[in-house]
Amino acid sequence: MRMRSLISAAVTTALLLGSSATAHALEVLKLRVNGDVNTMDPIATTNFTIRNVAYLVYDTLFALDSNYQVQPQMAEGYTLSDDQLTYTITLRDGLKFHDGAPVTAADAVASLQRWGKVDGLGKILFSKTESLAAKDEKTLVLKMTEPWGQVLPALGKISSNVPVIMPARLAAQDPGDPVKEIIGSGPYRMVVDEWVPGSVAVYEKFEDYVPRAEPANMAAGGKVAYFDRVEAHYIPDPAQAADALVNGEIDWVEDVGADMMPVIEESTTAKVLISPQAGNSLQLVVNHLNPPFDNPKIREALQWSLEQAPFMQAIYGDRTDLYQLCAAVFFCGSPFESEVNTDRIVRRDLDKAKALLAEAGYDGTPVLLLHVTENPFHDRAYSVLKPMLEEAGFVVDEQMTDWATVSTRRTSKEPGDKGGWNVFFTGWGFVDQSNPMTNVYVAGQGLNGWYGWADSAELRDLRVKFAATSDLAEQKRLAEDMQRVAYDLVPFVPLGQASIAQGVATNLEGFIDSPVPFFWNVRRKH
Amino acid sequence: MLTYLAGRIASAVPIVLLVAIFIFSLVNLTPGDPAVLLAGDNATPAQVEVIRERLHLDQPLPTRFVVWAGNALRLDLGESIYSNQPVTKLIAQRLEPTFVLAIATLILTVVIAVPLGVIAAWKVNTWIDRGIMAFAVLSFSVPVFVIGYLLAYVFAVQLKWLPVQGYVPLADGILATLRSVALPAMALALVFAALIARVTRASMLEVLSENHIRTARAKGLSTRRILVIHALKNAGVPVITVIGIGFATLIGGVVVTESVFNIPGIGRLTVDAITRRDYPVVQGVILFFSVLLILINIAVDMSYALFDPRVKG
């Protein structure tokens, strides 16, 4: 008996000591990011998780503020010549890379050139660039071949690929190949030795970082690091992430999910922050190469077969605060939101769908549904899609599969029985989708474009016109035209717009409302 | 003894080679293209093509196998497609959590299972025996992830005694480490203990009915001495075999348990690598596990000699 009580005392002491040993003297911010930090090069991938953590390490010349205006960040300022062709950008004082070297204009030039080889907007910028060169240590000069209103929006781009600045020797690397050394000039430096891909990435405060004097304003303004250490943890199971947040094991969860929101809302240690700007969407991408959707009438029948509410309800349940029904190509709440040509998106009309199918002579060619089971959102969406299509008269061939398979098959331009596809679900974020220059569905680039390969000379032409003007009223008119053409073309069917519910420890303050989560300005209340 | 050992090791070589060929083919024939996954959801087809060429995925399968096997002999398992880190480094980073978990589980298992088995055999056909066996059948029948989630719910979410997830490295203090593996080790040990308790009981029952035990009883030895010194030592060989074979089950269990408790061990590495079609990592990890299992089997064979003098090879 005495032995037993001794053991239980020892176990209790061990557990208590163990719990005190996990408390660090350093201020540590523990994040649960959506994906795994598998690389630290935001140019080699468009992955949003990498984009988000890259903002800790890297800085940008320009940045967007909360009014979506471009402000200088690493740049002290810039001047534009009277002919609207030459941009002279000066770097601000005190910029340093994490290896101690000063940031020079040559580093910025090399970094922008690497970015310009992969980024959509960057490519257009460089196609209109006569020269980009360092005039001296702190001045870079960009000469355009024609006036172009998108130069600053491109350089201040907030989402993938972000034009981050790294040392010129690293920027010499091919952009498809991730850089081997992680050196930026941002407020945190990466601790490469502690990086365990698939588990955790660790960052330490960079003591030599000099924040701008202005207060933090989305990506612009002073980036003040209040933590000694930031850890980005990969916890795949959302339920576990929510429990860990409530238990105080982590401080922030990027996307809580509707199912786990009550767990956090009922706790005293954590709360939910709903962020419409960090929103996402559900979109059904349509392949224009394969029957039956190579026929425009059958694509229109698809639009009349579907409506948004059942999809959103299946995914978000009764959490109506998490989603909105939105038919706009450029998202609701953006400057280019429009209702033009949305009747077929908003309304479901089975008679019309059936009539269109009959008119098109639909021969019962099955719609191949590659039902992704391991992503709970997509799983539910496919379960709603199948009966809706069948009600309208489509024949559906449903096959259960995983995301890895679908993400491979969607690259195939072959017919369905030879490894191709008809439709798949995806979701672009608010920033990319709200901008007509980065929204893939209005590109109309056919076989050279994004998956689905919708082809439209009219869309391509509208985009060129859009890029050439900086007059907002004119841009709005062009964006409306794009929406009208796009919904006639049907590169995709929008099925709802959603907000992201972040989980945040209640003892944290200073979170910035932004489409990209930032971790400067965040501090712990004491 | 040494010849026996050398023979066992030599016979393992073709097994490892067969495993290597099998794994390589299986992994590479699975649908799904790592280049596409790597490029991200919003990549353009051109970006995907660049990555595919960079990874040499455009080359024929046999060429890739020969290159891989040749490098593996030099302990170079290649680079992860997904994180660009050497596979050997990724495995090395993950060894500590997995081994700490496996050893903690093994100790917990033996501490729970062997006494239970001995008691069940000693009190055979009483309610104690039946109770222990009912417990054994129950814990062996419930999947490890169910036990894992139940333990996490009770001890971490409700009582808040232990963390829900994660692993604290030994460098941050052994007590914190033990705290972080307590729940996963318990979940695994319950399943594993059920198996070992049953084998211990069966083996003990057989030994207890033998003449030398009756003699020991007749000599008036204490029950404890008879059970531990005379019976358990003789019942040891099957128990050790089962612990050895069970190690394979344990590794399978570790894969699941590490996912349930988010422990960055080799199991999690395997699962993640498979879902990402990270061929070099999947191949490397399975090769590592195969070699480990073969070594454990050899070690188990060797340990028979300690318990049974007739096994000398």
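Letters A, B, ... are given to chains in the order of the sequence lines, protein chains preceding strands, and every chain is numbered from 1. The basis for the numbers below is simple: all heavy atoms, side chains too, and nothing from hydrogens, waters or symmetry mates.
If you measure heavy-atom distances from B:Asp272 to chain A, the contacts under 4.5 Å come from the side chain alone. Interface remark: B:Tyr149 contributes side-chain atoms only to the contact with chain A (heavy atom separation under 4.5 Å). Proximity to chain A (any heavy atom under 4.5 Å) is restricted, for B:Gln85, to the side chain, taken from C-beta onward. Within the 4.5 angstrom heavy-atom criterion, only side-chain atoms of A:Glu249, from C-beta onward, approach chain B. With a threshold of 4.5 angstrom between heavy atoms, A:Asn448 does not approach chain B through any atom at all. Using a 4.5 Å cut-off between heavy atoms, B:Ser259 touches chain A through its backbone atoms (N, CA, C, O) alone. Proximity to chain A (any heavy atom under 4.5 Å) is shown, for B:Leu269, by neither the backbone nor the side chain.
Heavy-atom neighbours of B:Ile174 CD1 from other residues, nucleotides or ligands within 6.0 Å: at or below the threshold of 12. Within 6.0 Å of atom NZ in A:Lys180, more than 12 heavy atoms from other residues, nucleotides or ligands are found, so the atom counts as buried in its surroundings. Counting heavy-atom neighbours within 6.0 Å of B:Trp68 CH2, excluding the residue itself, gives a total above 12.
A 4.5 Å side-chain heavy-atom check between B:Pro264 and A:Val200 finds every atom pair outside the cut-off. Put simply, the side chain of B:Gln93 does not reach to within 4.5 Å of the side chain of A:Ser199, judged on heavy atoms.
A:Pro197 approaches B:Arg94 most closely through the heavy-atom pair O-NH2, 2.6 Å. The two atoms that bring A:Pro236 and B:Asn262 nearest to each other are CD-OD1, 3.7 Å, heavy atoms only. A:Tyr234 approaches B:Arg268 most closely through the heavy-atom pair CD2-NH2, 3.4 Å. Considering all non-hydrogen atoms of both residues, B:Asn84 and A:Pro178 come closest at ND2-CG, 3.2 Å.
Here the CG atom belonging to A:Asp237 is positioned 10.0 Å from the CD atom belonging to B:Gln165, to the nearest 0.5 angstrom.
Annotation: maximal heavy-atom pairing with chain A below 4.5 Å, among B:Val260, B:Thr177, B:Thr275, occurs at B:Val260.
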Checklist entry - Under the side-chain contact (heavy atoms from CB on, under 4.5 Å) criterion, do A:Asp36 and B:Tyr82 qualify, and how do the steps go? => result CA-CA 10 Å; A:Asp36 169 29; B:Tyr82 183 68; 3.2 Å; yes
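Within the 3.5 Å criterion, the main-chain N or O of B:Val157 finds no donor-acceptor partner in the side chain of A:Asp243.
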